[in-house]
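What follows is a short report on a single structure.
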Amino acid sequence: MTTFTNKKDDSTIPSNYTVNNSVNNAVSNNATTFFNQLQQSKIYNYQYTLFLILSVASIHVLEEMMQDWKTWAISTLQLSHLTWQGFYMTNFTMYIYMIGCAGIGWQAPWFSLSSASLIIINAIFFHVLPTLTTSIYSPGTTSAVLLYLPVGLFTYYGAFKDRVLNVGNLIISFILGGLLMAMAVYLQKNAPSTLKFD
């Protein structure tokens with residue numbers, strides 16, 4: 001008597017388990033690769049603060065013009081050769097520089113953060129301290145206190161949160177900001193006489 005056995009060859013018939021397992025492994029590997037790339041990529045959430053500096057700088061300069069900062073600077077800071085053409089040239093140069101900082105962004109934080117240090121230094125040494133030491137209001141102090149200081153400090157905070165701020169970038173940016181402020185004073189004292197705005 002012959003006995004027939006219904007036997008399946010597992011080597012020739014793919015099981016659903018094997019197929020599903022292969023798909024799951026492929027999906028898992030792709031997901032792992034995606035999240036690894038996401039962690040390695042630099043996603044900046046606070047780089048926009050560099051453009052915010054441009055906005056507050058415009059408001060600050062407008063306030064200085066409306067409140068006649070030149071006359072105050074001549075009488076209080078003894079900048080006898082200060083002219084409006086020097087004022088315009090200086091602020092135009094600084095604004096172009098700030099645009100460059102915003103454009104470069106966190107690719108070179110030691111450079112871009114110098115625009116933040118510039119407005120912080122300007123607010124403290126050309127508005128807050130002169131107002132406190134002379135008891136005479138420095139035109140532009142309102143926007144310096146309400147806009148320059150908060151936005152400047154917030155930009156550094158944003159750089160910290162985006163993990164691009166370190167001690168070296170902090171120091172270099174403030175050195176650059178100090179040099180820019182010194183250059184601003186020089187430009188205001190030595191503006192070409194061919195520019196006639198007075």
Side-chain angles (χ1 to χ4, degrees), residues 37-65 69 73 76-79 81-82 86-133 138-192:
Q37 292 177 346
L38 188 63
Q39 289 178 350
Q40 293 174 1
S41 64
K42 295 181 179 180
I43 300 176
Y44 299 134
N45 297 316
Y46 293 90
Q47 196 167 222
Y48 73 90
T49 55
L50 295 169
F51 290 92
L52 191 59
I53 290 175
L54 295 172
S55 301
V56 299
S58 301
I59 297 173
H60 178 71
V61 171
L62 182 61
E63 182 190 3
E64 289 182 326
M65 292 172 59
W69 186 83
T76 306
L77 301 181
Q78 304 302 314
L79 298 176
H81 299 291
L82 183 63
F87 178 87
Y88 299 140
M89 170 181 278
T90 299
N91 285 285
F92 175 77
T93 303
M94 295 299 106
Y95 204 80
I96 295 299
Y97 182 88
M98 290 177 179
I99 291 175
C101 291
I104 292 177
W106 293 159
Q107 297 180 63
W110 59 270
F111 173 77
S112 58
L113 284 172
S114 63
S115 63
S117 71
L118 178 64
I119 64 174
I120 292 173
I121 292 171
N122 179 276
I124 294 174
F125 293 99
F126 283 81
H127 295 286
V128 175
L129 287 182
T131 298
L132 293 176
T133 57
S138 168
T141 300
T142 299
S143 59
V145 172
L146 298 181
L147 296 177
Y148 264 17
L149 288 177
V151 171
L153 294 173
F154 183 66
T155 301
Y156 276 100
Y157 171 78
F160 171 76
K161 293 292 289 184
D162 283 343
R163 298 185 177 181
V164 296
L165 181 65
N166 54 43
V167 176
N169 290 336
L170 178 67
I171 294 174
I172 294 175
S173 66
F174 267 95
I175 291 175
L176 285 176
L179 291 175
L180 286 168
M181 203 68 252
M183 185 180 75
V185 173
Y186 175 82
L187 286 175
Q188 294 195 40
K189 287 184 176 181
N190 300 277

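We're numbering straight along the sequence, starting at 1.
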Tell me, please, which residues at least two apart from Phe126 pass ring-ring contact (aromatic ring centres under 6.0 Å, His included).
none
Heavy-atom pair with the smallest gap, counting every atom of Ile121 and Gly178
CD1-N, 3.5 Å
Give the intermediate values and the outcome of side chain to side chain contact (heavy atoms under 4.5 Å, CB included) for residues Met65 and Val61.
CA-CA 6 Å; Met65 292 172 59; Val61 171; 4.1 Å; yes
Student check: side-chain heavy atoms of Trp69 and Leu82 closer than 4.5 Å:
yes
If you round to the nearest 0.5 Å, how far is OG1 of Thr141 from CD of Glu64?
8.5 Å
Give every donor-acceptor pair under 3.5 Å between a side-chain atom in residues 91-103 and any protein atom, sequence neighbours left out.
from, atom 1, to, atom 2, distance (Å)
Asn91, ND2, Phe87, O, 2.8
Thr93, OG1, Met89, O, 2.8
Tyr95, OH, Leu54, O, 3.3
Tyr95, OH, Ser58, OG, 3.1
Tyr97, OH, Ser114, OG, 2.7

Close side-chain approach of Leu113 to Trp106, heavy-atom, < 4.5 Å:
yes
Could you tell me the separation between the CD1 atom of Ile120 and the CG atom of Leu153, rounded to the nearest 0.5 Å?
4.5 Å
Distance in Å, Leu52 CG paired with Leu147 CG, rounded so as to fall on 0.5 Å steps
8.5 Å
Given 3.5 Å as the limit, does a donor-acceptor pair link the side chain of Asp162 with the main chain of Val164, or not?
no
Donor-acceptor contact present, side-chain Ser112 to main-chain Ile104, <3.5 Å
no
Using the rule given for side chain to side chain contact (heavy atoms under 4.5 Å, CB included), can you reason through Leu176 versus Ser117, listing the C-alpha separation, both sets of side-chain angles and the distance that settles it, and then say yes or no?
CA-CA 8 Å; Leu176 285 176; Ser117 71; 5.7 Å; no
Thr131 side-chain N/O to Ser138 backbone N/O, donor-acceptor pair under 3.5 Å:
yes
Provide the closest heavy-atom pair for Leu50 versus Ser115 in the form atom of the first, atom of the second, distance.
CD2-OG, 4.0 Å
So which atom in Ala144 and which in Pro150 form the shortest heavy-atom distance, rounded to 0.1 Å?
O-CD, 4.5 Å
Compare every heavy atom of Ile53 with every heavy atom of Val56, then report the nearest pair and how far apart it is.
CG2-O, 3.2 Å
Heavy-atom side-chain contact between Thr49 and Tyr157 under 4.5 Å:
no
Aromatic rings Tyr48 and Tyr46: how do their planes relate, parallel, tilted or perpendicular, breaks at 30° and 60°?
parallel
Measuring from Leu118:CG to Met181:CE, what's the distance to the nearest 0.5 Å?
6.0 Å
Rounded to the nearest 0.5 Å, what's the gap from CD1 on Ile124 to CG on Leu149? Could you check?
5.5 Å
Stepwise, does the side chain to side chain contact (heavy atoms under 4.5 Å, CB included) test hold for His60 with Asn122?
CA-CA 11 Å; His60 178 71; Asn122 179 276; 3.3 Å; yes
Once you round to the nearest 0.5 Å, how far does CD of Glu63 lie from NE2 of His127?
8.0 Å
